[in-house]
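Please read the structure below before turning to the comments.
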Amino acid sequence: MKRILIAGSMIVLLMQSIPSMTVAANTNQMFRDVKSTHWAASTIHDLVNKGYMQGYQDGTFKPNQMTTRGEAAVIIARTMGVDLTTEFKPKFQDVTENHPYYKAISKLTEIGVLENGNNFYPNAPLKRSEISKMIALAYEVAVDNKNKTQFKDLPKTYWAKHYIESLADVSIVQGFTATTFEPNQYVTRAQIALLTKRGMAFKGQVEKLELIYDFLQKDYINTTNNYKSWEQKIALLVNDIRAKNQLQPVQLDPQLTQVAIIKAKDMVKRNYFEHYSPVYGNPWDLASLFDYEYTSFGENIARNYTTPEAAVDAWMASTKHRANILKSSYTYMGIGIEQTKNGKYYLAQHFSSK
């Protein structure tokens with residue numbers, strides 16, 4: 001793998017019931033037992049209108065009714081959008097092939113969201129601890145033992161401790177109180193609606209490259225691109241320069257921009273201005289850590305410039321930074337920008353070829 005680094009000075013370089021009593025929801029369906037002032041009203045109607053949950057034939061939703069384990073499997077399978085077609089046969093003796101939830105339970109067991117065993121207990125009420133594990137696995141939340149959130153009713157040996165506290169760190173679940181979680185409390189239909197919606201939203205952020213898990217720090221980094229106009233302007237300026245030098249343009253790569261955002265944030269957070277990060281090492285090491293694939297890699301960094309034009313001008317005034325911008329083999333570029341509390345900008349410009 002070819003690694004290229006250019007340096008400079010200042011600009012170094014809770015689920016629904018689906019037995020026979022339920023009916024498919026129609027668009028904008030309302031329920032007589034879910035008033036507009038209900039804390040979960042908008043969430044319930046959103047999930048129902050998307051077909052993830054259903055109401056009852058009598059026009060109710062029963063938001064305070066306990067959710068069963070089988071119902072939870074169905075709603076999670078629906079929100080995941082998984083194809084329920086499978087030849088996998090779980091070992092559960094209490095979930096036979098003619099069970100109304102068999103397909104959902106089988107599929108979730110096959111893909112590891114549910115644990116295979118002798119019994120599943122589909123009609124048992126769902127506990128807060130159980131839904132926490134299901135949500136973490138279904139929506140691919142990284143679970144570790146280094147969590148900011150701690151609940152005093154979850155001892156170190158508790159089986160769901162890390163699932164619960166990892167979800168609490170990303171605000172998918174909350175404590176019953178500020179210091180307790182009450183893992184054995186049952187989950188209502190209104191609650192599972194909210195929990196699954198949060199899980200889907202979290203996964204959506206990851207898929208849109210707005211969040212990424214840091215395996216070194218065991219924490220998620222917010223990588224929302226808040227400076228798209230700067231990114232677009234720098235890309236235009238760089239490609240104009242490359243065109244004038246008879247070079248092919250570089251393409252903005254969202255994943256490379258995410259890596260560059262991590263670098264810019266790292267410089268601000270740890271108060272340094274170098275290519276070598278005290279945590280991630282060299283730029284190409286950082287890229288590899290966050291699963292960015294490349295055959296060659298380069299980095300320019302800058303700080304204290306207030307416009308995209310000023311930053312690009314400064315890079316072009318430096319021989320080594322200019323060489324990165326004009327390297328013919330580079331085909332992709334990413335721009336990361338972070339602002340300090342006193343308003344100073346830190347920029348990371350990454351180049352790569354694949």
Side-chain angles (χ1 to χ4, degrees), residues 14-16 34 37-48 50 52-53 63-64 67 72 75-76 78-81 113 126-156 158-226 258 261-262 265-266 268-269 290 338 341:
L14 302 143
M15 160 81 215
Q16 127 273 356
V34 181
T37 55
H38 189 283
W39 63 268
S42 62
T43 297
I44 289 170
H45 293 141
D46 182 39
L47 267 66
V48 168
K50 290 178 179 176
Y52 299 142
M53 298 186 73
N64 297 322
T67 306
I75 190 172
I76 286 178
R78 286 176 174 173
T79 59
M80 291 178 69
V113 173
L126 180 72
K127 295 179 180 179
R128 282 163 59 81
S129 56
E130 295 168 337
I131 190 60
S132 296
K133 181 178 180 180
M134 293 172 70
I135 285 176
L137 296 174
Y139 306 118
E140 301 175 21
V141 181
V143 174
D144 57 50
N145 60 2
K146 184 181 177 182
N147 296 302
K148 299 173 185 176
T149 308
Q150 301 286 321
F151 295 110
K152 66 181 183 181
D153 58 347
L154 301 179
K156 291 182 179 180
Y158 186 69
W159 69 271
K161 175 181 175 65
H162 300 319
Y163 291 107
I164 293 167
E165 292 177 348
S166 294
L167 288 185
D169 274 359
V170 294
S171 300
I172 293 178
V173 301
Q174 296 177 342
F176 197 78
T177 69
T179 59
T180 63
F181 186 75
E182 300 290 346
N184 293 322
Q185 285 280 343
Y186 296 132
V187 179
T188 67
R189 283 165 53 78
Q191 290 167 344
I192 198 171
L194 182 62
L195 291 171
T196 51
K197 186 172 183 178
R198 287 176 180 168
M200 287 187 289
F202 172 86
K203 188 174 183 181
Q205 284 185 285
V206 173
E207 291 174 345
K208 291 185 290 186
L209 306 182
E210 295 174 353
L211 279 177
I212 193 167
Y213 184 70
D214 183 342
F215 285 92
L216 289 183
Q217 303 300 302
K218 292 187 177 181
D219 199 5
Y220 276 93
I221 301 173
N222 186 320
T223 53
T224 302
N225 186 356
N226 295 317
Q258 185 179 46
I261 290 172
I262 295 169
K265 282 179 170 286
D266 186 50
V268 170
K269 180 179 180 179
F290 289 97
E338 180 72 353
K341 291 181 180 179

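This chain uses plain numbering: 1 for the first residue, then up along the sequence.
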Output for pair (K269 NZ, I262 CD1), nearest 0.5 Å, gives 11.5 Å

Practice task
Please assess N147 against S166 for the test side chain to side chain donor-acceptor pair (under 3.5 Å), listing each intermediate value before the final yes or no.
Solution key: CA-CA 6 Å; N147 296 302; S166 294; 3.2 Å; yes

Tightest non-hydrogen contact, residues G175 and F151, listed as CA-CE2, 3.5 Å

Exercise for review: Test the R128-F181 pair against the cation-pi criterion, namely NZ or CZ under 6.0 angstrom from the six-membered ring centroid and within 45° of the ring axis.
Suggested key: yes

Taking the side chain as everything from C-beta on, heavy atoms only, tell me whether W39 gets closer than 4.5 Å to L194. yes

Report task. Give the C-alpha distance, both sets of side-chain angles, the deciding distance and a yes or no for side chain to side chain donor-acceptor pair (under 3.5 Å) between T79 and Y139. Result -> CA-CA 9 Å; T79 59; Y139 306 118; 2.6 Å; yes

Rounded to the nearest 0.5 Å, the CZ atom of F290 sits from the CD1 atom of I212 at a distance of 5.5 Å

Query raised in the report: Between T180 and K152, is any pair of side-chain heavy atoms under 4.5 Å apart?
Result: yes

D46/K50 salt bridge by N-O under 4.0 Å criterion:
yes

Residues L137 and V113: closest non-hydrogen pair is CD1-O, 3.5 Å

dist T196:OG1 -> R198:CZ (nearest 0.5 Å) comes out at 10.5 Å

Taken to the nearest 0.5 Å, the spacing of I75 CD1 from L126 CG works out to 11.0 Å

- Just wondering, do V170 and Y220 contact through their side chains at under 4.5 Å, heavy atoms? yes

Q: With the side chain counted from C-beta on, respond yes when F215 and D144 share a heavy-atom pair under 4.5 Å apart, and no when they do not.
A: no

Original post:
Does the T223 side chain pair with the main chain of I261, one donor and one acceptor, at a distance under 3.5 Å?
Top reply: no

query = Stepwise, does the side chain to side chain contact (heavy atoms under 4.5 Å, CB included) test hold for K133 with I164?
reply = CA-CA 7 Å; K133 181 178 180 180; I164 293 167; over 6 Å; no

Interatomic distance, CG@N64 vs OG1@T188, rounded to 0.5 Å, equals 6.0 Å

Legend entry - K146 with D219: basic N within carboxylate O range, under 4.0 Å: no

All heavy atoms of K161 vs all of P155, minimum pair found to be CD-O, 3.3 Å

- Message: Quick check: do Q185 and K127 have side-chain heavy atoms less than 4.5 Å from each other?
- Response: no

CG (N225) and NZ (K208) are apart, to the nearest 0.5 Å, by 13.0 Å

> Could you go step by step and tell me if N226 and T224 meet the side chain to side chain donor-acceptor pair (under 3.5 Å) rule?
Replying inline: CA-CA 6 Å; N226 295 317; T224 302; 5.3 Å; no

For A41, is there any backbone N or O sitting under 3.5 Å from a side-chain donor or acceptor partner on H45?
yes

Smallest heavy-atom separation, P63 atom then I44 atom, equals CB-CD1, 4.2 Å

Here the pair of heavy atoms bringing V173 nearest to S132 is CG1-OG, 4.1 Å

Open item on the list: Quiz question: by atom type and distance under 3.5 Å, do the side chains of D153 and Y158 form a donor-acceptor pair?
Closed with: no

For R78 and Y52, the nearest pair of non-hydrogen atoms, with its separation, is NH1-O, 3.4 Å

The residue among L167, I135, T67 that forms side chain to side chain contact (heavy atoms under 4.5 Å, CB included) with L195 is I135

Contact between M80 and E140 at the side-chain level, heavy atoms closer than 4.5 Å - yes or no?
no

Can you check whether Y163 reaches V143 side chain to side chain, under 4.5 Å on heavy atoms?
yes

Examine distances only and state if a side-chain atom of N222 and a backbone atom of L211 form a donor-acceptor pair shorter than 3.5 Å. no

- Are side-chain heavy atoms of F202 and S171 found at a separation under 4.5 Å? no

